[in-house]
Amino acid sequence: MNIPLGHYLILAAILFAIGLAGALTRKNAIIVLMGIEVMFNSAILNLVAFWHYKHFAVPTAQLFAIFAIAIAAAESAVGLALVIAVYRHYKSVDVDEMKELKG
Amino acid sequence: MIAAPSTIPAGGAITTQLLEISIGPQHPSTHGVFRMDVVLDGEVVRALKPVVGYLHRNHEQLAEKMSWLGSMPYTDRLDYFNSMSNNWAYALAVEKLAGIKVPERAEYIRVIMAELSRLQNHASAIGFLLQDCGAWGTPLLYAFKEREKILDFFETVSGSRMMCNYFRFGGVRVDLNDEMLAMARKIVAEFPKFLDEFEKLMTTNEVVLARCQRVGILPKELAIAGSISGPVARASGVEYDIRKVDKYGVYGQLEFGVPVGAVGDVYDRYYIRVLEMRESVKILQQVLRDIPAGPVQAVEVKLRGFKIPAGDGYGRVEGAKGELGFYLVSEGGPKPYRYHIRPPSFINLTVLEDMCVGHKVADAIIILGSIDIVLGEVDR
Amino acid sequence: METIYQLLHVTFANVPAWTVQVAAFLIPIAFIFGVYPAIFALTTLVERKALGRIQNRYGPNRVGIFGVLQPLADGLKILLKEDIVPRVADKFTHFLAPVLIVVPGLLVYLVVPVAPGMVAVDLKIGVLFALAVGTMSAIALFMAGWASRNKFSLLGAVRAVAQVVSYEVPTVMAGVAVIMAAGTLSTLTIVQRQGGGILNISNWYVFRPWGLVGFVLFVIGGLAESARCPFDLPEAESELIGGYHTEYSGFKFALFQMGEYLAGMAMAGVTVTLFLGGYMGPGSGPGLVGSLIAMLWFFSKLAGMIMLNIWIRGTWPRLRVDQLMGFAWKVLLPLALVNIVAVGFWHFLTPRPLAWVVTTGWLVIWFLVLTKCNASAILEKREYRYV
Amino acid sequence: MNYPGKGLVEGLAVTARNFVGSYFYKDRLTTVQYPEERIQTPENSRTFPFLVFDESPDKPRCTACKICEVECPPKCIYIVMDRDDKGKPLQRPKAFDIDISVCMQCQICVEVCPFESIKMDNDYEKSKYGRFNDLVQRLPDLLKSNDYYRQIKPVKAAEVDAKLKAEAEAKAAKKAAAVAAAAAKAAATPPAGSAT
Amino acid sequence: MNIAFWIISAVAVLGAVLAVTLRNLVHCVLALILFFIGIAAHYFLLRADFLGTVQILIYVGAVAVLILFAIMLTHNVTGVDGPKELLGVKWWSGAAIAATLAILLKKAILSDPLATLLPAGDKAQSSVAEIGKALVAGWVVSLEAIAILLTAALIGAVVIALEEIQKS
């Protein structure tokens, strides 16, 4: 099991890029949310990789990861609720149409 | 289809799509070929339209081409759960029209047969109701075990388990010898044991209570307005039982109670049937105790070329589903001029929508089960 | 797995290292794939015979002596059945759903110990893993219901997902009580902690006040999660025909059945591990004979739990959707939280009788409070008058 | 006392009693292993009609009077009367078909038959592979001997035989009386004849 | 054992790519689930098994179902995107930004000496008890903060989604 840390970092970077691409290119708000989830997870993967290679003695990294996952879950819940509320007004979840700023 | 609004007006609350499904003729729990077009909002029933006619056999038109006796076997096929009381209703109507006097022993035998068919009908009705509630066939098979004994008795007497064709104008076709009477006494003796076991299994069962109480309430006024009859009406508090009103046959001389409920929900309809079974057992004990000897068939009735003087008449019987009536018009010939049946199942079905709206899909199925309809009678 | 690894290492010293590792890994998997589907086949037969006997009739007894070959016959029949896929269905998801239903059922057995030291993977977080994998079945149910594009199965799918997700919470909380008492998440140590005492039985957690409550919660949660009798809403024939597997036929339907039964048995296995002392029984011990008896004990307890499932299935009708949800959130969850507090009392009140009194008192009070405040289902006194 | 799960537990007790009971009391079990064991059908039971013959199949009791064909509600009996070469009707059916896919086993034909020639069988294994002409029973399939009738319905057959024998004697007695009366008339007329 | 790394990362990447590119929304969610499972497998590989299980429990168990329900509520039942709704108006700019970001990151990682650090193997043990103690002892403040945040998020989501019902 002699995978250098670099491989994990590159993997996280690629996943982050895919998530970003998804979030930016797709029109559907839900896919944008999914892209954000992918970005989030790749960041946490990065974190755990560093814990495993360098600071395995102290469990703080795992705590940090747990908090991050909790926040991500809360964020996606609120995000989806927003999407549903928006859908009710615009009858579609098309990101481009959500231009007007008034309520 | 139904004119219900397809979605809640736009811009308002969250627009969930109303789901129109048809719990169709091919469905495991519609008691026969019966369809309900249901508009669902999620799980809640918004509108429900019963669709009948899949089992229409044109019985009333056929009867006008047949002799009076010829349509007697067809009355077995109306409510095929209790063919005995169907026969009785038709025979009663003809006897009233033609003024035939029925010998004493035949009257007693008629009461025995009608009450036994009520027992096996109510037993299977509550069995099917709990099957719809989801009990995996156990209550139904306990009920069918009792029903088998009664059907074997019918086969020994009349020759066929369900299509008995046993009644004739002015009496019955076959006399009960002692061995058949002993068999009947044994059935009646064992029935209360089945009822107690059934009640212990289901009546105080928390899941049944949660599922059936306060579900599908039929108010008393609606029951009267919709001319509902039978256990469904008595569960809502309508005190009307034709055995007490008309006192036909020998019901006048027997003492028995008629249970009447108060709330009129699915649980009441279930428990009223259980109490009615206990009353029927009391009736059967009295009748089997003092059945007189004598002929079982009025002599003056001819088998062929039997003519009824012109006129019309309406005979009715308290069947297991409700008031089963026959309206006959004769113009003196061997064939009826008009032959109409008052089907209790069909009329009890008209209030299905009022009971189901607002409840869940699962409740709609139980409410249908609690009315206990048989499609042979609904579609005729 | 470690014990097998040492065992193999010793016997096949000369074989290259990685083959021993792979073999050590494959043997438990072969055990799981072999034993549990066989138990599934047997359960279908036992279920039909037991239901038959409850309903005063014989179960299947035509195929083989007492119908023993019936599962074989069923399997063959289903294999030959035509596999109809609705034209409108979403082919990919429709195909994937039955596969995904079986996976969580089998994954749970990885952490269920069968005999001392014999568990497929000795994860340090065994219990949590078992419960986490349980939630994956919700996804497969939804895929099945949604992919067959038919209104009834969609209703069934939504009900199934809501039910699995909302019964996941009380089950996990009930499991937390045992984890607190045993101090570890690894299933092997939990079972060892339940050994000892008179005849290896008195230490079972089910004989503690909080253990009994946890056991009842876990059984109810298990029934709900695998959609078994009082909660078989998703495929309630009377309302939704087949629920999410209406549009499946042929071998895919058999996979659904297998997935459901395996999930049911998996929850039964976890219940046995957590509360009924896994393989602990009068004879079970580390030796070869000891572990054989231990295995016997484990499978007989598993059979007992399956019989309980069948018994309940033959008796009780099914709950309605909203009652089901209300029951989970209003009764089971508070009871589970109260149970955790009870374990706290148990842990810190060292004198045994005092601990017994306090925890039982605490639990009984809360039980009465909970039943009082949602007493809607209790029999309303009805009087019937005779006319 | 009334604890919350009381109804549920009692339900379990009932099913447990049935489960255990079915192993000890064999009469609880209602299943009949059909092809091997068969329930003895009661005497009155009826499936499809058949024609009775006394001595030989080509002399059935039926006189092709077509009363049953008229009275049958679903109209499933078709009779053709036998005529000899000169066209004179013989009191025998040439063809007697019953379409058992139409017949509803209502037994009205048995009641209205004046010659006690059609009776209800209680053999219920009449299923065939064909759909239409297989289910029409021709005269040869319908004809069954009186001893077969006496064997499946002993009490009823005994009544019918007694009735027939009584009618036969009454007819014979009437014929004898008619012959005697004719003879007496013949005897009375010759003296009248000779007297005129 | 390093083939395991390559297989799992391949699964994760495949899941991520499919999650972003597929036309049928529900298929996207299934690919996303595949991605989550890939990440969980990576955690197990890195000996952080508690995190792996938490990942499965939270993401695969709850978040994916949440997204499925969101799709159900906002789309007609089939949930298929028509061709025109697939890509945003200026989609190519987004893709270009992501690509340049990836290249920059790769160059940064490879040049850093840390990249060649070798794994700790089985020295990196994470026992749940240790995490539990740390959570309650050192980090109890943040634990309570997360608890409040989660409840707030729960209530917020419900209020936003259903606020319309009361008004109409």
Side-chain angles (χ1 to χ4, degrees), chain A residues 1-7 9-11 13-28 30-31 33-35 37-38 41 45 48-49 51-54 56 59-60 62-63 65-67 69-71 73-78 80-85 87-88 93-96, chain E residues 1-2 5 9 12-13 16-17 19-20 28 32 35 39 42-43 46-48 51 54 58 63 66-67 70-71 73-74 81 85 87-89 91 94-95 97-98 101-102 105-106 109 114-121 123-124 126 130-131 134-135 139 142 146 149-150 153 156-157 160-161 164:
Chain A
M1 179 54 180
N2 39 32
I3 306 280
L5 179 60
H7 291 244
L9 301 186
I10 291 168
L11 172 70
I14 294 168
L15 291 176
F16 187 85
I18 296 170
L20 186 65
L24 295 180
T25 51
R26 284 297 289 265
K27 275 177 72 171
N28 188 325
I30 294 179
I31 300 288
L33 272 174
M34 278 201 234
E37 284 299 317
V38 170
N41 270 315
L45 176 67
V48 175
W51 166 74
H52 179 80
Y53 283 80
K54 246 171 103 50
F56 43 78
T60 43
Q62 298 224 350
L63 303 188
I66 292 167
F67 290 153
I69 289 181
I71 295 173
E75 173 266 335
S76 65
V78 172
L80 286 169
L82 276 177
V83 163
I84 294 166
Y87 173 78
R88 200 175 314 109
V93 278
D94 189 335
V95 176
D96 290 349
Chain E
M1 276 304 269
N2 46 24
F5 168 80
S9 39
V13 167
V17 165
V20 172
C28 288
L32 192 67
F35 168 76
I39 295 285
H42 265 300
Y43 290 156
L46 290 166
R47 293 268 184 286
L51 262 187
V54 162
I58 293 183
V63 172
L66 198 66
I67 299 178
I71 292 174
L73 281 176
T74 51
D81 268 354
E85 295 150 0
L87 292 175
V89 172
W91 60 272
I97 294 168
L101 176 73
L105 275 176
K106 195 164 180 303
I109 294 163
L114 256 181
T116 57
L117 198 61
L118 281 175
K123 282 202 299 301
S126 74
E130 205 181 284
I131 297 174
L135 252 180
W139 297 77
S142 52
I146 285 288
L149 177 112
L150 277 177
I160 295 171
E164 291 306 321

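Below, read A as the first sequence line, B as the second, and so on, with proteins coming before strands; counting in each chain starts at 1. These numbers come from the heavy atoms of this one structure, side chains and all, not from hydrogens, waters or symmetry mates.
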Chain A contact via Val63(E) - which portion, at a heavy-atom distance below 4.5 Å: side chain
In terms of heavy-atom pairs under 4.5 Å, which option from Thr60(A), Val78(A), Ile10(A), Val38(A) contacts chain E the most? Val38(A)
Hey, does Ile39(E) have a side-chain heavy atom less than 4.5 Å from the side chain of Leu15(A)? yes
Less than 4.5 Å apart, side chain to side chain, heavy atoms only: is that true for Ile109(E) and Leu5(A)? no
Against chain E, label Leu80(A) side chain, backbone, both or neither, depending on which of its atoms sit under 4.5 Å from a heavy atom there. side chain
CG (Leu32(E)) and CG (Asn41(A)) are apart, to the nearest 0.5 Å, by 8.0 Å
Just how far is it from atom CG of Leu45(A) to atom OG of Ser9(E), taken to the nearest 0.5 Å? 9.5 Å
Tell me, side chain or backbone of Ile67(E) under 4.5 Å from chain A's heavy atoms, or both, or neither? both
Any side-chain heavy atom of Val48(A) within less than 4.5 Å of one from His42(E)? no
How close do Trp51(A) and Arg47(E) get, heavy atom to heavy atom, and via which atoms? CH2-O, 4.1 Å
Leu135(E) versus chain A, the contacting section by heavy-atom distance below 4.5 Å: both
From CD1 (Ile66(A)) to CG (Leu51(E)), nearest 0.5 Å: 5.5 Å
If you compare all heavy atoms of Leu46(E) against all heavy atoms of Tyr53(A), which two are closest, and at what distance to 0.1 Å? CD2-CE1, 4.1 Å
Straight-line distance of Leu63(A) CG to Ser142(E) OG, nearest 0.5 Å: 7.5 Å
For Leu33(A), which atoms come within 4.5 Å of any heavy atom of chain E: side chain, backbone, both, or neither? neither
Between Ala70(A) and Leu150(E), which heavy-atom pair has the shortest distance, and what is it? O-CD2, 3.8 Å
Looking at Ala16(E), Ala102(E), Gly156(E), Ala19(E), which one has more heavy-atom pairs under 4.5 Å with chain A than the rest? Ala16(E)
Is Leu105(E) in contact with chain A via its backbone, its side chain, both, or neither, using a 4.5 Å heavy-atom distance? side chain
Can you see which heavy atom on Ala73(A) is nearest to which on Ile58(E), and at what distance? CB-CG2, 3.9 Å
Between Leu66(E) and chain A, which part of the residue has a heavy atom less than 4.5 Å away: side chain, backbone, both or neither? both
Atom pair CG/CD1 of Leu101(E) and Ile14(A) - distance to nearest 0.5 Å: 11.5 Å
In terms of heavy-atom pairs under 4.5 Å, which option from Gly35(A), Gly22(A), Ala23(A) contacts chain E the most? Gly22(A)
Between Met34(A), Glu37(A), Glu75(A), which residue shows the highest count of heavy-atom pairs closer than 4.5 Å to chain E? Met34(A)
Residue pair Ala157(E) / Ala77(A): nearest heavy atoms and the distance that separates them: CB-O, 4.1 Å
Atom of Ile71(A), atom of Ile146(E) and distance for their closest heavy-atom approach: CG1-CD1, 3.7 Å
